[in-house]
Amino acid sequence: MTTFALVDCNNFYVSCERLFRPDLKDKAVAVLSNNDGCIVARSQEVKDLGIKTGVPLFQVRQLLEKNHVQLFSSNYTLYGDISARVMQTLETFAPNLEIYSIDEAFLDLNGIGDLPGYAAEIRTTVYRHVGIPVSVGIAPSKTLAKLANYAAKKYPAANGVVDLSATKRQQKLLAITPVAEVWGVGHKLNEKLHTAGVTTALELSQLDRHRLRCHYPVNLERTVRELNGEACIEMEHVPAARQQIVCSRSFATRISDHASLRETICEFTASAARKLRSDRQHARRINVFIRTSPHTAPHMGQYYSNSAWGRLAYPTADTFELIALATRLFDTIYKDGYPYAKAGVMLTDLHSQDVAQLEMFHPSSATAKHDSLMHAVDTINATNSGNIWFGGQRARTDWFMQRDMVSPAYTTNWNCLPTV
DNA sequence: TCTGGGGTCCTAGGACCC
DNA sequence: TCTGGGGTCCTAGGACCC
């Protein structure tokens, strides 16, 4: 039997911001989404104000100002770097770990004797080395470990660690936990379960197998088994190859002309292609989409949203080819006279660069030539000495996302080093 | 006025095959 | 008069996750 630990950073983005602003330690702090649109991370003080995650900023602005909440635009350069440091520290406690998201990881704690003691040591070490507070949930399945972590955060008496190794403790926690808190139960499923009289995690875990099969999606059966202590979701040792790459943005200001919108499509395509190459993958399909704001009132103008798919003759990571196809697709869906609010590019049907299928009518030497050209471009762009971009792309201008309250890149840019 | 971005997986329906 | 059964693949849309 495996023993899973889920280590999750507390209010991660907020904790990252506080790291370099010790004056904010006990102050109310919130972090905003891209474009300063929504609240995506809240300190405890902000949670206590009843502000939910995901609410649009403009709806709560007054409440935030009244309570002197310190706001930050999201700074993913900083969060990504701090995340890497946390994971590095966790690795010293369990070589077998799975990084599940930017702020959480599953650890395989098989063979550890004093589990709560070990978990407490993890907490203090991460805090000492990186300065980020974490919570630890321990259980025989991932779903239970998630729940244990939820409890470790919710109940202060737990001191940030909950060990659900014992069946009795599992049952006790399940009985007092709303079913909506279970990993895999979202908004819709929660509604459906409530209608069926299932309100707690315990009731879900006791659902009749037959009823489950007939009336609910298959994944819920797995969740139920996991709640009963049966590990159905294994650790993923090597991260699975990505299946799609998306690059999209909402604009800080609306875009109403063909040329400008086309430039953003080129920008997104170039950026998606760069990610593709860093993954050592090739893409065969592209999707391009554009839309106006779905929130504008009907009398302000018609809503327009459209997308188009295109297929390449063979998988490629060549920015020239990808941009050529993307702009062709864009031209088929663009309509004049709309205030566009968002656009994006999606690459799918991805294949590993290393196992490329040779094409009968496409000389592999051409691919190799393109690959080395792209490699050269990426290498130059990775240095400070130069910046190469593609025809059609343009330097980021007024449309680029709004981030008025962004903190410095303290740990990744020499010019932003904090002074003491 | 102002509403993020990047993912995975499942399901249903249609087209197509033998 | 009478029109099967089993399968794959693709796509759109939805649900869920962080």
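Each chain gets a letter, A, B and so on, in the order its sequence line appears, and its residues count up from 1.
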Rounded interatomic separation in angstrom, taking [atom1] from [X] and [atom2] from [N]:
{"X": "A:E221", "N": "C:dC16", "atom1": "CD", "atom2": "P", "value": "18 Å"}
{"X": "A:K342", "N": "B:dG5", "atom1": "NZ", "atom2": "C1'", "value": "6 Å"}
{"X": "A:K153", "N": "C:dC18", "atom1": "NZ", "atom2": "P", "value": "10 Å"}
{"X": "A:Q244", "N": "C:dC17", "atom1": "CD", "atom2": "C1'", "value": "13 Å"}
{"X": "A:R311", "N": "C:dT11", "atom1": "CZ", "atom2": "C1'", "value": "12 Å"}
{"X": "A:K192", "N": "C:dC16", "atom1": "NZ", "atom2": "P", "value": "11 Å"}
{"X": "A:E191", "N": "C:dG14", "atom1": "CD", "atom2": "C1'", "value": "14 Å"}
{"X": "A:Y216", "N": "B:dT11", "atom1": "OH", "atom2": "P", "value": "15 Å"}

Side chain of [X]: nearest nucleotide among [options]?
{"X": "A:K188", "options": "C:dA15, B:dT11, B:dG7", "result": "C:dA15"}
{"X": "A:F58", "options": "B:dC2, B:dG5, B:dT11", "result": "B:dC2"}
{"X": "A:Q59", "options": "B:dG4, B:dT3, B:dG5", "result": "B:dT3"}
{"X": "A:E104", "options": "C:dC16, C:dC18, B:dG6", "result": "C:dC18"}

Heavy atoms under 4.0 Å, any strand shown: does [X] hit a base, just sugar-phosphate, or nothing?
{"X": "A:L32", "result": "nothing"}
{"X": "A:V60", "result": "nothing"}
{"X": "A:V55", "result": "nothing"}
{"X": "A:D103", "result": "sugar-phosphate"}

**OP:** Please name all residues satisfying ring pair (Phe, Tyr, Trp, His ring centres under 6.0 Å) with A:F72, sequence neighbours left out, ordered by chain then number.
**Re:**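 Listed in chain order: nothing, the list is empty.
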
Between [N] and [X], is there an OP1 or OP2 to side-chain N/O distance shorter than 4.0 Å?
{"X": "A:W309", "N": "C:dA12", "result": "yes"}
{"X": "A:S250", "N": "B:dG5", "result": "yes"}
{"X": "A:S248", "N": "B:dG6", "result": "yes"}
{"X": "A:Q243", "N": "B:dC9", "result": "yes"}
{"X": "A:R403", "N": "B:dG5", "result": "no"}
{"X": "A:R242", "N": "B:dG6", "result": "no"}
{"X": "A:R285", "N": "C:dT11", "result": "yes"}

**OP:** For C:dG4 and B:dC17, measure between their C1' atoms and round to the nearest Å.
**Re:**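 Their C1' atoms lie roughly 14 Å apart.
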
Original post:
Between A:N34 and A:R254, which has a closest nucleotide on DNA chain B that is more 5'?
Top reply: A:R254

Subject >> Nearest-nucleotide comparison on DNA chain B, the residue closer to the 5′ end among A:I245 and A:R291 >> reply: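 On the 5' side of the pair lies A:R291.
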
Subject >> B:dG13 - base-pair partner by Watson-Crick or wobble geometry, distances under 3.5 Å >> reply: C:dC10

**OP:** For A:E17 and A:S407, test the side chains for any donor-to-acceptor distance below 3.5 angstrom and give the result as yes or no.
**Re:**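 Indeed, the side chains of A:E17 and A:S407 share at least one donor-acceptor pair under 3.5 Å.
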
**OP:** Compute whether any side-chain donor of one residue and acceptor of the other, for A:E321 and A:Y314, lie under 3.5 angstrom apart.
**Re:** yes

**OP:** Test salt bridge (Lys or Arg N to Asp or Glu O under 4.0 Å) on A:K153 and A:D8 and set out the steps.
**Re:** CA-CA 9 Å; A:K153 286 203 173 75; A:D8 192 312; 3.2 Å; yes

Original post:
Does any N or O in the side chain of A:D108 come within less than 3.5 Å of the main-chain N or O of A:N110, such that one atom is a donor and the other an acceptor?
Top reply: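 Present.
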
Original post:
Taking the six-membered ring for Trp, are the ring centroids of A:F289 and A:F330 within less than 6.0 Å of each other?
Top reply: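 No: the rings miss the under 6.0 Å criterion.
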
**OP:** Start with the C-alpha distance between A:S101 and A:E104, add both sets of side-chain angles, then the distance that settles side chain to side chain donor-acceptor pair (under 3.5 Å), and finish with yes or no.
**Re:** CA-CA 5 Å; A:S101 75; A:E104 58 191 310; 3.1 Å; yes

